Amino acid sequence: MNTVEMINEYGHERVAFFQNEKAGLKAIIAVHSTKLGNAVGGCRLYPYQTFDAALFDVLRLSRGMSFKNAAAGLPIGGGKGVIIADPSQKTQALFEAYGEAVESLGGIYNTAEDVNTTTQDMDWVMNKTQYVVGRASVSGDPSPFTAIGTFDGIRATAKFCLGTDDLKGVKIALQGLGHVGFDLAGQLAAAGAELIVSTHSNRKNMQYALDNWGAKEVSDEEIYATECDILSPCAMGATLNYDTIPSLKCKAVAGAANNQLLDEECGRMLKARGIAYAPDFIINGGGVINAGQEAFTTYDKENVLKQVHNIYNTVWNILEESKETGVPEGVIAQKFAEDRIKNGL
């Protein structure tokens with residue numbers, strides 16, 4: 001499926017391309033759905049090798065945000081922004097130009113932090129637009145809340161596969177030690193899990209995990225064939241694909257990355273192999289539950305945490321339904337979200 005076919009198939013409402021040569025901005029903003037409310041989704045900054053790769057990513061990510069927001073019971077739609085750039089070359093001008101792009105959409109899209117962007121970056125975006133959530137002065141960095149929800153989802157997955165949600169001694173292979181992955185690794189280590197970790201970029205976080213959490217390091221390629229109880233993808237998307245799934249030596253997949261499956265067939269491949277899957281847009285919904293609240297109501301951290309901890313129950317229910325029906329977990333989760341979008345919350 002090419003990108004034009006994806007736009008038509010996924011039903012995007014708007015896909016906009018932005019370029020500001022002076023500021024060094026090349027960006028795409030994709031608004032997938034506003035049926036439940038104005039779209040909310042983060043801004044990812046990544047050195048995509050091609051424009052098509054960036055477009056492929058933003059289309060899948062924005063669609064995933066529609067599902068994530070609906071499944072979490074939030075009265076907001078789904079969108080996403082990507083900036084094609086080297087993270088080491090971030091500037092205030094770049095993010096102010098991105099803010100102008102967001103502003104030009106007139107409020108149908110609210111941006112936030114994502115991979116390689118921070119609350120400081122969003123402060124620069126706010127110099128040019130009000131349509132920003134996850135603000136430092138309100139809900140703050142959403143990453144810790146994503147990690148909390150993912151941790152609870154891993155506990156539910158462990159209970160389903162191993163009979164207990166006590167993670168002491170549970171072998172978890174975690175891919176990626178960025179904002180979310182690092183926070184999640186700390187929670188897993190504190191719970192007594194045995195960590196096997198890979199990261200392609202953050203050596204500082206890796207060294208900390210080795211020195212303080214007793215983690216074992218493997219390469220990004222080796223992580224898929226590592227014997228473990230749970231594989232936890234926490235980096236980029238589409239890592240579970242036709243090449244990697246045959247190599248898996250785990251009982252379950254439960255991680256914070258978006259769009260972990262390359263396509264729906266990959267979910268069926270996991271099911272055929274007897275590997276349980278905690279759908280990504282369910283388990284990683286904590287961050288948008290936190291930041292998204294800014295878009296429609298007064299921020300209440302206690303209420304946010306209550307909703308984030310409920311991810312445990314949602315993951316458990318999907319795993320149980322998949323076991324009873326034989327339907328892949330991702331298919332069940334997507335139908336749940338699509339029904340909420342179609343019928344309203």
Side-chain angles (χ1 to χ4, degrees), residues 3 6-8 10-20 23 25-46 48 51 54-72 74-85 94-119 121-136 138-139 141-142 146 237 258-259 281 284-285 287-297 299 337 340-341 345:
T3 51
M6 285 178 67
I7 292 171
N8 292 331
Y10 289 174
H12 280 76
E13 296 178 9
R14 187 165 183 178
V15 180
F17 308 88
F18 300 92
Q19 184 165 322
N20 183 320
L25 178 73
K26 291 183 179 180
I28 310 170
I29 296 176
V31 176
H32 177 257
S33 173
T34 58
K35 290 180 180 178
L36 296 178
N38 288 337
V40 174
C43 169
R44 173 169 295 190
L45 189 151
Y46 194 76
Y48 295 97
F51 180 83
L55 182 57
F56 177 78
D57 203 25
V58 77
L59 291 177
R60 283 165 47 86
L61 288 167
S62 55
R63 181 180 185 236
M65 288 306 304
S66 290
F67 295 158
K68 183 186 299 191
N69 295 341
L74 303 174
I76 53 179
K80 203 79 173 185
V82 297
I83 298 174
I84 305 169
L94 176 72
F95 285 100
E96 288 185 347
Y98 175 72
E100 291 173 347
V102 172
E103 179 68 20
S104 73
L105 297 178
I108 64 170
Y109 168 66
N110 289 262
T111 196
E113 301 91 337
D114 197 76
V115 173
N116 293 324
T117 57
T118 66
T119 53
D121 302 330
M122 291 304 108
D123 284 345
W124 288 333
V125 173
M126 287 174 60
N127 289 339
K128 298 297 182 178
T129 184
Q130 63 178 311
Y131 302 116
V132 179
V133 298
R135 292 167 290 179
V138 187
S139 64
D141 182 1
T146 304
N258 288 308
N259 296 321
F281 65 82
N284 70 12
V288 77
I289 290 172
N290 181 62
Q293 197 175 94
E294 291 184 41
F296 64 88
T297 189
Y299 180 74
R340 282 192 157 184
I341 295 171
L345 300 174

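The residues of the chain are indexed from 1 along the displayed sequence. The basis for the numbers below is simple: all heavy atoms, side chains too, and nothing from hydrogens, waters or symmetry mates. Here the structure is a predicted model, which is why all the values come from computation and not from measurement.
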Would you mind writing out the side-chain donor-acceptor pairs for residues 54-64 within the sub-3.5 Å range, not counting sequence neighbours?
residue	atom	partner	partner atom	Å
Asp57	OD2	Tyr48	OH	2.5
Arg60	NH1	Leu262	O	2.9
Arg60	NH2	Asn259	O	3.1
Arg60	NH2	Leu261	O	3.1
Ser62	OG	His12	NE2	2.7
Ser62	OG	Val58	O	2.8
Ser62	OG	Leu59	O	3.1

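Counting only heavy atoms from C-beta outward, the side chains of Phe296 and Val40 never approach each other to under 4.5 Å. Contact annotation: the side chain of Tyr98 never approaches that of Thr129 to less than 4.5 Å [non-hydrogen atoms, C-beta and beyond]. The closest side-chain heavy-atom distance from Asn69 to Leu36 is not below 4.5 Å.
Taking the side chain to side chain contact (heavy atoms under 4.5 Å, CB included) definition, one finds that Ala291 meets it with Val133, Ser139, Pro142, sequence neighbours left out. Listed by chain and residue number, Glu100 satisfy the salt bridge (Lys or Arg N to Asp or Glu O under 4.0 Å) test with Lys128 (two or more places apart in sequence, or in another chain). With sequence neighbours excluded, no residue forms a salt bridge (Lys or Arg N to Asp or Glu O under 4.0 Å) with Glu13. A search for ring pair (Phe, Tyr, Trp, His ring centres under 6.0 Å) contacts involving Phe95 returns nothing, not counting sequence neighbours. Contacts of Ala85 classified as side chain to side chain contact (heavy atoms under 4.5 Å, CB included), with partners at least two apart in sequence or in another chain: Leu45, Ile83. Evaluation of the side-chain hydrogen bond (donor to acceptor under 3.5 Å, both in side chains) rule for Thr119 yields no partner, not counting sequence neighbours. With sequence neighbours left out, Thr118 forms a side chain to side chain contact (heavy atoms under 4.5 Å, CB included) with Lys90, Gln120, Asp121, His179. Here Asp114 pairs with Arg44, Lys80 under the salt bridge (Lys or Arg N to Asp or Glu O under 4.0 Å) rule; sequence neighbours left out. In this structure Glu96 satisfies the salt bridge (Lys or Arg N to Asp or Glu O under 4.0 Å) test with no other residue, sequence neighbours excluded. Contacts of Tyr131 classified as side-chain hydrogen bond (donor to acceptor under 3.5 Å, both in side chains), with partners at least two apart in sequence or in another chain: none. The side-chain hydrogen bond (donor to acceptor under 3.5 Å, both in side chains) test applied to Ser66 returns His32, not counting sequence neighbours.
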